[in-house]
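Structure record follows, encoded as structure tokens.
FYI, the numbering just counts along the sequence from 1. Computed from heavy atoms alone, side chains included, the values below leave out hydrogens, waters and symmetry copies.
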Amino acid sequence: MEKQEAFSHWKQQSLRKADVSKKGSVDEDIEETVRLINQQERYFTTSSCSGRVIMINETLDSSIIQKQNCSWLFVTHQLCKPDDVFAALKNATGDVVLKFEPFVLHVQCHKLEDAQILHGVAINSGFRNSGITVGKKGKIIMAVRSTHGLEVPLTQNGKCLVSQEYIEFLVQTANRKMEENKRRITRFHSCLLKALQKGDCAHDAPSKEQAPSCVYVRRRKRKDRSRKSNCSSSEEEHSDSEPELTLLNDH
């Protein structure tokens, strides 16, 4: 009962929080999926992105944290055009990188068995880099991820390094990846609906035939036993401390 109460508390806290992303709201392509997950008693989402093409003007000082010292020249969660890239490059002052970042979703789960259900859905939908982490405070996070990203440098110190023809090729490549990403999102939503319908009458642990193929890797405990009870008080967005248990794909 205590575990259920703790999970309910975490869920209420998370869903009450304001969206602090640059966009400030859930992306349109995954709104229905996020809503469906959050309607389930044993799940809630902690962060998400439907996938995007983005151009970042990175700092010239590699010693500075990149996330805090870069500007976004262009971003879209839909297909992009070469003209969008050319226009953004006019504002380049440092090292500009064009990226395609695929769909990512972090879901906190009540039980490990619940996370395994989502993990199986993600793998079957093409998100092969998905995995589960269990934190020291018992938070179970299932991350939906894939590896079909793209990252290409376009300028150095504001000077373009590639031709117009190559940029047009990159845009075509990024758009193909975006289209595939959208197909995988559609598959994920469809598989999720089926899994939830099955799971409604099977809240217990899945059978050996149903359980997804996976490998558990337990991290080594620190030799300094005195630190065992000294847990960090600052909570990360997707885990409450360094994971004690990691679930990896067995492929």
Side-chain angles (χ1 to χ4, degrees), residues 18-37 45-60 62 64-107 122 125-130 143-192 237-238:
D19 191 323
V20 295
S21 66
K22 282 182 179 285
K23 185 170 180 285
S25 62
V26 176
D27 298 331
E28 183 179 351
D29 286 345
I30 57 172
E31 270 185 329
E32 192 177 347
T33 300
V34 168
R35 189 182 307 114
L36 174 64
I37 291 171
T45 60
T46 61
S47 69
S48 64
C49 177
S50 65
R52 63 190 180 187
V53 178
I54 183 171
M55 289 175 65
I56 297 176
N57 194 48
E58 295 183 339
T59 177
L60 300 180
S62 59
I64 301 176
I65 299 173
Q66 293 295 317
K67 191 171 182 180
Q68 295 178 352
N69 293 274
C70 65
S71 58
W72 292 17
L73 300 180
F74 169 75
V75 62
T76 180
H77 294 83
Q78 305 300 327
L79 302 182
C80 69
K81 301 175 182 177
D83 287 346
D84 298 327
V85 177
F86 296 138
L89 282 175
K90 292 178 181 179
N91 299 316
T93 56
D95 298 346
V96 174
V97 178
L98 183 144
K99 298 181 181 183
F100 166 71
E101 299 175 339
F103 171 57
V104 62
L105 177 69
H106 292 90
V107 182
S125 304
F127 297 101
R128 296 285 180 177
N129 199 34
S130 299
V144 181
R145 298 180 298 245
S146 66
T147 57
H148 71 295
L150 177 71
E151 182 171 346
V152 183
L154 299 181
T155 74
Q156 184 177 41
N157 299 332
K159 180 182 178 182
C160 191
L161 302 174
V162 297
S163 66
Q164 178 176 326
E165 183 181 9
Y166 186 67
I167 290 174
E168 291 172 348
F169 167 73
L170 284 179
V171 170
Q172 291 175 2
T173 302
N175 283 340
R176 282 199 299 271
K177 288 179 176 291
M178 179 66 83
E179 288 170 340
E180 172 59 24
N181 183 66
K182 289 177 181 291
R183 285 192 289 270
R184 292 186 187 188
I185 289 173
T186 300
R187 284 202 300 271
F188 178 80
H189 187 84
S190 177
C191 290
L192 177 62
E237 183 178 3
H238 304 313

Worksheet item: For Asn157 and Asp95, which heavy atoms make the closest approach, and how far apart are they?
Response: N-OD1, 2.8 Å
Discussion item. Are Leu154 and Leu170 packed together at the side-chain level, in the sense that at least one heavy-atom pair is separated by less than 4.5 angstrom?
Written reply: yes
Item to complete: Apply side chain to side chain donor-acceptor pair (under 3.5 Å) to Ser48 and list each qualifying residue two or more places apart in sequence or on a separate chain.
Response: none
Worksheet entry | Rounded distance [0.5 Å steps], CD in Glu32 versus CG in Leu192 | 10.5 Å
Discussion item. Within the 4.5 Å heavy-atom criterion, are Thr173 and Val152 side-chain neighbours or not?
Written reply: no
Fill in: Set of residues satisfying side-chain contact (heavy atoms from CB on, under 4.5 Å) with respect to Cys49, sequence neighbours excluded
Asp27, Arg52, His77, Val104
Worksheet entry | Those residues that, when tested against Ser163, pass side-chain contact (heavy atoms from CB on, under 4.5 Å) (two or more places apart) | Glu165, Tyr166
Worksheet item: Does Glu31 CD have over 12 foreign heavy atoms under 6.0 Å away?
Response: yes
Discussion item. To the nearest 0.5 Å, what is the distance between OG on Ser146 and CZ on Phe188?
Written reply: 11.5 Å
Item to complete: Would you indicate whether the side-chain heavy atoms of Leu150 and Val53 approach each other to under 4.5 Å?
Response: no
Side-chain donor-acceptor pairs of residues 80-89 under 3.5 Å, sequence neighbours excluded:
residue	atom	partner	partner atom	Å
Asp84	OD2	Lys81	N	3.0

Worksheet item: Once you round to the nearest 0.5 Å, how far does CD1 of Ile54 lie from CZ of Phe74?
Response: 9.5 Å
Worksheet item: Has the side chain of Ser125 got a donor or acceptor atom that lies under 3.5 Å from a matching backbone atom of Ile185?
Response: no
Item to complete: Enter the distance from Thr155:OG1 to Leu161:CG here, rounded to the nearest 0.5 Å.
Response: 6.5 Å
Item to complete: Decide yes or no on side-chain hydrogen bond (donor to acceptor under 3.5 Å, both in side chains) for Thr33 and His189, but give the supporting numbers first.
Response: CA-CA 6 Å; Thr33 300; His189 187 84; 2.8 Å; yes
Response to the item:
Quick note, salt bridge (Lys or Arg N to Asp or Glu O under 4.0 Å) partners involving residues 174-184, not counting sequence neighbours, are Asp29-Lys182, Glu180-Arg183, Glu180-Arg184, Glu180-Arg187
Discussion item. If we ignore hydrogens and angles and just use 3.5 Å, is the side chain of Ser50 paired with the main-chain N or O of Phe103 as donor and acceptor?
Written reply: no
Item to complete: State which residues pass ring pair (Phe, Tyr, Trp, His ring centres under 6.0 Å) with His148; sequence neighbours excluded, sorted by chain then number.
Response: Phe100
Worksheet item: Do the side chain of Asn57 and the main chain of Ser71 share a donor and acceptor less than 3.5 angstrom apart?
Response: no
Worksheet entry | Residues which pass side-chain contact (heavy atoms from CB on, under 4.5 Å) with Val97, listed by chain and number, not counting sequence neighbours | Glu58, Lys99, Glu151
Worksheet item: Please walk me through it: do Leu105 and Phe127 pass side-chain contact (heavy atoms from CB on, under 4.5 Å)?
Response: CA-CA 11 Å; Leu105 177 69; Phe127 297 101; over 6 Å; no
